[in-house]
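Structure record follows, encoded as structure tokens.
Order of appearance sets the numbers: ligands from 1, and atoms from 1 within every ligand.
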Amino acid sequence: MVYEYLKYKFDRDGYVVINNFLTKKEVEDLRTAGEKLTVNPPVDSKTVFTTNQTKREANSYFMDSADTIGFFYEKNALDENKRLLVDPTVALNKVGHALHRLHPVFEACTYSEKVTNICRALGLVRPLVVQSMYIYKNPGIGGKVDEHQDSTFLFTEPDSLVGFWIALDDAKIENGCLWIIPGSHKTVDLQKRFIRNPNICAVDEPMVFQGTNSEYDQSLYVPVAVDKSSLVLLHGRVVHKSEKNKSQFSRHAYTFHVFDEGVSQYSEQNWLQTKVGFKQLYGQKSQNN
Ligand SMILES: O=C(O)CCC(=O)C(=O)O
Ligand SMILES: [Fe+2]
């Protein structure tokens, strides 16, 4: 794809698909690394991924995962005693959020020339990577992702968030591909923020949603069915979701988010805060930062 066209489409639709972004070997390396992560995850990791979760232990595990590799299970994968109800290879919902810093295979992909070229094509001045996730959405058990805007979780002022979503399997309607409302980054303001609770006494609720739940016209969604190795770029405000994987085919993906520190600031209120700093893809640190 011609890179000027890429920026044009991204600005117009709030997302853009780049087919064949990775080579077959690069996809295989990422997928193999993702599969290896399912072998013997640490025992303290048995927390089910849900952003409504209030349990203290799970909350701190989730918050700490900004700087670690955390393991999050599917809702139906564990019983109340945290015993696995399914095969470990299909039990995880996702792994995150510092794969790009702590795992060589994901680091190589994230800090690659291919990614740098995309950031330059989008005109990013000083892109920093804030988080990364391996998303499994395994057959039969992979849950749905409710509709949302990514800037809800990773707010910058002004909004400069870009999501990189790389398909490691063919992602089709049957196995829970992304659904996006084209142009919604322009027509919908940021509806909600997911932040650290300003009330620090609320120890059982260290993270809270601020804002309203919006009703979106469901007929505006388009399925973004892509082949494996495709990259989907997502604007921080574009509304998207994915359905449960009811098929027998897995739908693995590697995803990470960048923002442009050259033109914006990462909010200190965001749930995700790093203790070690975000690593840039390129660019000079400006005097103001
Ligand atoms: O993989 C999915 O189903 C959703 C991922 C997502 O929302 C994201 O990467 O921003
Ligand atoms: Fe998202």
message: Under 4.0 Å, heavy-atom basis, I'd like to know which part of Met133 is in contact with ligand 1: side chain, backbone, both or neither.
response: neither

message: Among all protein heavy atoms in this structure, tell me which lies nearest to atom 6 (C) of ligand 1, with the distance rounded to 0.1 Å.
response: His240 NE2, 3.8 Å

- request: Specify the protein heavy atom at minimum distance from atom 4 (C) of ligand 1: its residue, its atom name, and the distance to 0.1 Å.
  value: Leu178 CD2, 3.7 Å

In ligand 1, which numbered atoms sit nearer than 4.0 Å to a non-hydrogen atom of [X]?
X	result
His257	10 (O)
Ser242	2 (C), 3 (O)
Thr255	9 (O)
Trp165	1 (O), 2 (C), 5 (C), 9 (O)

query: Any nitrogen or oxygen of His148, main chain or side chain, under 3.5 Å from a nitrogen or oxygen of ligand 1?
result: yes

Consider only side-chain N and O atoms of [X] and [Y], and report whether a donor and an acceptor are under 3.5 Å apart.
X	Y	result
Lys137	Asn175	no
Arg196	Gln273	no
His240	Asp150	yes

query: Looking only at heavy atoms, what is the nearest atom pair of Asn138 and His252, with distance?
result: OD1-NE2, 3.1 Å

query: Is the distance between the ring centroids of Phe62 and Phe72 less than 6.0 Å?
result: yes

statement: Looking only at non-hydrogen atoms, the one of Arg251, Gln149, Lys241 nearest atom 1 (O) of ligand 1 is Arg251

